[in-house]
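Following: one structure in structure tokens, then a few remarks.
The chains referred to below are lettered A, B, ... by the order of the sequence lines, with proteins before strands, and numbering in each begins at 1. Only heavy atoms go into these numbers, but all of them, side chains included; no hydrogens, no water, no symmetry mates.
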Amino acid sequence: MVMINLIVILLAGGLLAILSERISDTMPRKVAMAVVLADLLYLLVCLSGMPEITQLQAPVANDPSTWLMHFKADWIPAFGISIELALDGISLLMVLLTLVLGAIAISASWTDIVVRKGFFEANLLWSLAGVLGVFMALDLMLFFLFWEVMLIPMYFMIAIWGHENRGYAAMKFFIFTQASGLLMLMSILALVAVNHSGTGVWTFSYFDLLNTEMAERTAHWIMLGFFIAFVVKLPGFPFHTWLPDAHTQAPTAGSVILAGILLKTGAYGLIRFAVPLFPEAALNFSYPAMLLGAAGVVYGAVLAFGQTDFKRLIAYSSVSHMGFVLLGIYAWNELALQGAVMQMVAHGFSTAALFMIAGSLQERLHTRDMREMSGLWQQMPRMGAVAMFFVVASLGLPGLGNFVAEFLVLLGLFQVNVWITVVAATGLITGAAYSLLLMQRSFQGEVNKKWAEYGLIDFGSREMLTMTVMIIALIVLGVYPQPVLDAAQPVLQSLLELTATPAVAAVELAQ
Amino acid sequence: MNATMFSALAPILMLSLTAIVLMIQASIKRDQSVAWVITAIGFTLTLWGASYARDFTQPVTILLQVDHWSLFFTSLILLASLVILVLSRETFSPEGERKEEYYLLLVLSVLGAVVLIQSSHMVSLLLGMELMGVALYAMIAFPERGQLPLEGAIKYLVLSACASAMLLYGFALIYAATGELSFAGIGAKGAAAYAENPMLIMAGSAMVLAGIGFKLSVAPFHMWTPDVYQGAPTPVTGFLATVSKGAVFIALSRFYIDGALHQYSGLNTALVVLAVASMLVGNWLALRQENIKRLLAYSSIAHFGYLLVVLIALTHLDTGLISQSITFYLTAYILTTLAAFAVVSTVAGEDPAKQDIGAFEGLFWHRPLEASALTVAMLSLAGIPLTAGFMAKFFVITVGIQSGLWGLLAVLVVGSAVGIYYYLRVIFAMSKSTDGDGESANLLENILALALLVSILVLGSWPQPFIAYAGGL
């Protein structure tokens, strides 16, 4: 029930935010913040009664009773569709990330949104609810439902409150994700039909479908449907073209949620569904997948280097960073998977912060063009210093979370394929290049006269507080990543065991 | 004929009675609002009749088949007709003009649709289709001032007559081959006749398919659709899109299932071609439409393409899941389309300029209820989860996968992906910020919009009761 409550609190909070606009103009954002914090607190209180995360027993992947939480109720019994939610270490990490970044996104919307505030905060809360659903649903139909439904509030956020080219960006975002969603729906139904023809039972439950027996060709095609759907969301090269537009045009809070959380649903889907459901097919496919990952790392970095738009640069850097996640997942050994999970968390914070800085700049300068920015540090030293921190975090400075993540991925990948590792490692160098370029162009250099007379306001206490939370998070992740690794480790261990059939082992040996 | 047969015919009798009462009323005192009330009472009584007839299901003579399936659809189209009736009240009430014939035509057309739904014989199929169609010509052309309605009516009349001729010729050929006119008879003797003379059966059923395809406006018989949709008064368009097309599809499925037409592979190929063409043409041409009624016209072409997939699957599956899927899909489609036309009718009325998608800008902020209803309708047509349209598509894909129709499903995915664009355009336009007036609809129309919105969402998010019900029909 805890998991249902988590979602319902957010949904109801959205309605409350709309209604609260009648009381006063500033009420919706306070209500939204209170709702998200209450949700987070509720989860923490419920967790405190459970065994320490560091002592988690390894959940058996296909036995829900070993998971942290499990809930199941009938929904459409005619097709064996149920409301089934479950929580293990990885989903817990993602849920926590979602709620924390949700609060940060609301903080980002504090002064950014000027019209229809109630409806905006409601959409924000509803998309958070959808994402929570994605991270907890273990009935494939329910998962698909959350997967699609979380996009509708996001669509509205881009289409109504976005920047100059919002219509195009919102449409592109929706069509890309919906079309790939349809592909996933077909794959889900095909998988269920295969299971039905084998066992005579209609079921959409993850736990029942895990050991579906099917022909190699069938498995390959169904797996490909899942793979494409998740990689579009990730986004992996060459399905990334919706991302720069959507991220650039979305309002700041929207970008924070998109980059910080929504992208992670793709990675989560790969770890949770695409590989475990079709272990052989997925691992036979690991070589092309890793190539796509490496291509994404390099391609995203090169394009980021060529951007003049502050937000677009960060957007392309996300393509590059998420390439590491794809690499980590398809290397499919413990180190690399740990790295992928770590990257999901660390990238969530660092990119969210950079998008917030971009949003603050746009709010003050009314432009995102870096050619018009220069020497902003002089006028806004606090913002400059914060930006410096997140830029070096994003380029992978040792001691911060992103470094741990990328290093682990490369380490794990090295055991699988040396040459792909070499290519991917260049991403660290190009990452340094575009990140420092971003810093140089906007905050360093000569002071632009235009802004000198403008009277720019530095970060205030609300913004500094938000940034401090993320700075602390990244430092902790970088210096003492053990809690995150501990939470993910048992889950990853059980997934690895699940897929370690003889055939897979043979494939790994061959490589 | 015995007494229980009359009980089984209750819906048809009630509708006929309503038509007669309307005519008598017109000869005593011509009054529009009285005619409206009589029609409303007539439809309600017919609804009651349909539930009364459920205890007397049987074949009534050789012509009609009264069973639970046909009674369910009878009730469904009567509900739809009631919605159309509510919408017609505003549209057909200009001062000083006499418009009560419209209601008589409406009743006759519904009568035709009910006959069509219950038909189990070529004669009743033709009778129903003509009764429905002839009344529709006049309904489309009813606002005699405009040019568009007349154009639409003439197009519909000429092409419809051609289609009927095709249909009749097809019947003749099939009769020549099998010596049967009832669906079941054709099913029983078809295979033997086919072995003897395949050309007659093939040509005959192909012509029947073409005639019905015209009424359903599946590609390539869709040419009339956008013009008629745009030209007809909005409630009539809604009637055409839901009642008329729904009834024709039921008749087609009966003919196809009872006549065992799926055993002829040539005919199946023809259906596949129709389905693929409709899914692609409908979605593709909808992309560039500015008028929302034209957009909905192309969207309906695509939706009947999706529905044909279910009929094609008949070669691999038994009729249980097939008829369940048809029931669910048609119900979802009719509810959703009604919601869309209800909003278009209340917001845009009969003014072509107001029917442009651009004219819907800012609707979210002026008229939240109507905008929400149209949004849900668009999402449902696009097949987004939690709406009835999604569950409908779920059925089609499930049926398709079980019969291994991968090619058709691929086209379905492509079509749906394209479709998202134009459905979203409408939503996007509504969400734009504009300053404007907030005129409001009357109470009845508001209740209607809310009821349709809720039923689409309920059918999509809690479909179990209806699935179970549809499975038992």
Side-chain angles (χ1 to χ4, degrees), chain A residues 18 74-79 81-82 115-116 119 123 130 141-152 155-162 166-168 170-194 196-197 202 204 218 221-222 225, chain B residues 321 324 328 361-362 364-365 368 375-376 378-379 382-387 390-391 393-406 409-410 412-425 427-433 460-472:
Chain A
I18 292 184
D74 271 353
W75 182 22
I76 311 177
F79 285 102
I81 300 175
S82 55
V115 288
R116 314 195 197 285
F119 193 46
N123 276 315
M141 205 62 204
L142 189 69
F143 173 78
F144 175 76
L145 180 127
F146 281 123
W147 179 267
E148 299 276 279
V149 168
M150 71 180 174
L151 303 174
I152 296 172
Y155 167 80
F156 278 121
M157 276 160 78
I158 302 175
I160 301 181
W161 295 274
R166 54 180 177 264
Y168 170 75
M171 195 74 89
K172 196 167 172 183
F173 163 71
F174 205 75
I175 290 180
F176 260 79
T177 43
Q178 286 291 330
S180 61
L182 272 173
L183 220 53
M184 178 158 81
L185 177 65
M186 292 250 304
S187 302
I188 291 176
L189 292 178
L191 174 64
V192 170
V194 168
H196 173 71
S197 66
W202 284 107
F204 280 78
T218 323
W221 284 106
I222 301 179
Chain B
L321 186 59
Q324 196 182 7
F328 201 100
E361 278 180 14
F364 252 111
W365 321 112
T375 303
V376 169
M378 287 296 145
L379 292 177
I384 306 292
L386 289 183
T387 61
F390 169 72
M391 281 313 294
K393 215 164 251 174
F394 173 85
F395 267 103
V396 173
I397 298 182
T398 307
V399 166
I401 284 178
Q402 290 216 305
S403 349
L405 303 170
W406 297 107
L409 290 180
L412 186 144
V413 166
V414 172
S416 307
V418 173
I420 292 165
Y421 173 76
Y422 58 84
Y423 294 125
L424 269 193
R425 265 184 72 205
I427 300 177
F428 181 64
M430 289 192 292
S431 67
K432 271 192 183 163
S433 287
S461 53
W462 193 45
Q464 176 61 26
F466 186 67
I467 292 177
Y469 177 72

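With hydrogens and angles disregarded, no donor-acceptor distance shorter than 3.5 Å links the side chain of W75(A) to the backbone of P463(B).
Here F428(B) contributes atom CZ and Y168(A) contributes atom OH; the two are 13.0 Å apart, rounded to the nearest 0.5 Å. The line from CG of L189(A) to CG of L409(B) is 9.0 Å long, rounded to the nearest 0.5 Å. Here L182(A) contributes atom CG and K393(B) contributes atom NZ; the two are 6.5 Å apart, rounded to the nearest 0.5 Å. Taken from CD in Q178(A) to OH in Y423(B), the straight-line distance is 13.0 Å, to the nearest 0.5 Å. Remark: F119(A) CZ to W365(B) CH2 distance equals 5.5 Å, nearest 0.5 Å. Note: Y155(A) OH to L379(B) CG = 9.5 Å, rounded to the nearest 0.5 Å.
Contact of L151(A) with chain B is not made at all, since no heavy-atom distance falls under 4.5 Å. Contacts between I467(B) and chain A at a heavy-atom distance below 4.5 Å involve the side chain alone, from C-beta outward. Interface remark: F176(A) contributes no atoms to any contact with chain B (heavy atom separation under 4.5 Å). Only the side chain of L185(A) comes within less than 4.5 Å of a heavy atom of chain B; its backbone N, CA, C and O stay farther away. Proximity to chain B (any heavy atom under 4.5 Å) is shown, for F146(A), by neither the backbone nor the side chain. Looking at L412(B), there are no atoms closer than 4.5 Å to chain A (heavy atoms on both sides), in backbone or side chain. Using a 4.5 Å cut-off between heavy atoms, W161(A) makes no contact with chain B at all. I384(B) touches chain A through its side chain: at least one heavy atom from C-beta onward sits under 4.5 Å away, while N, CA, C and O do not. Interface remark: F395(B) contributes side-chain atoms only to the contact with chain A (heavy atom separation under 4.5 Å).
Residues of residues 396-403 of chain B lying under 4.5 angstrom from chain A, judged on non-hydrogen atoms, are I397(B), T398(B), I401(B), Q402(B) by number.
What you find for I420(B) and A179(A) is that their closest heavy atoms are CD1-N, 4.4 Å. Across all non-hydrogen atoms, the minimal contact from Q464(B) to A78(A) is OE1-N, 3.1 Å.
Residues in residues 170-191 of chain A take part in these salt bridge (Lys or Arg N to Asp or Glu O under 4.0 Å) pairs, two or more places apart or across chains: K172(A)-D245(A).
Within 6.0 Å of CH2 on W202(A) lie more than 12 heavy atoms contributed by other residues, nucleotides or ligands. Within a 6.0 Å radius of CH2 in W462(B), no more than 12 heavy atoms belonging to other residues, nucleotides or ligands are found.
Ranked by heavy-atom pairs shorter than 4.5 Å toward chain A, the options Y421(B), F394(B), F390(B) are led by F394(B).
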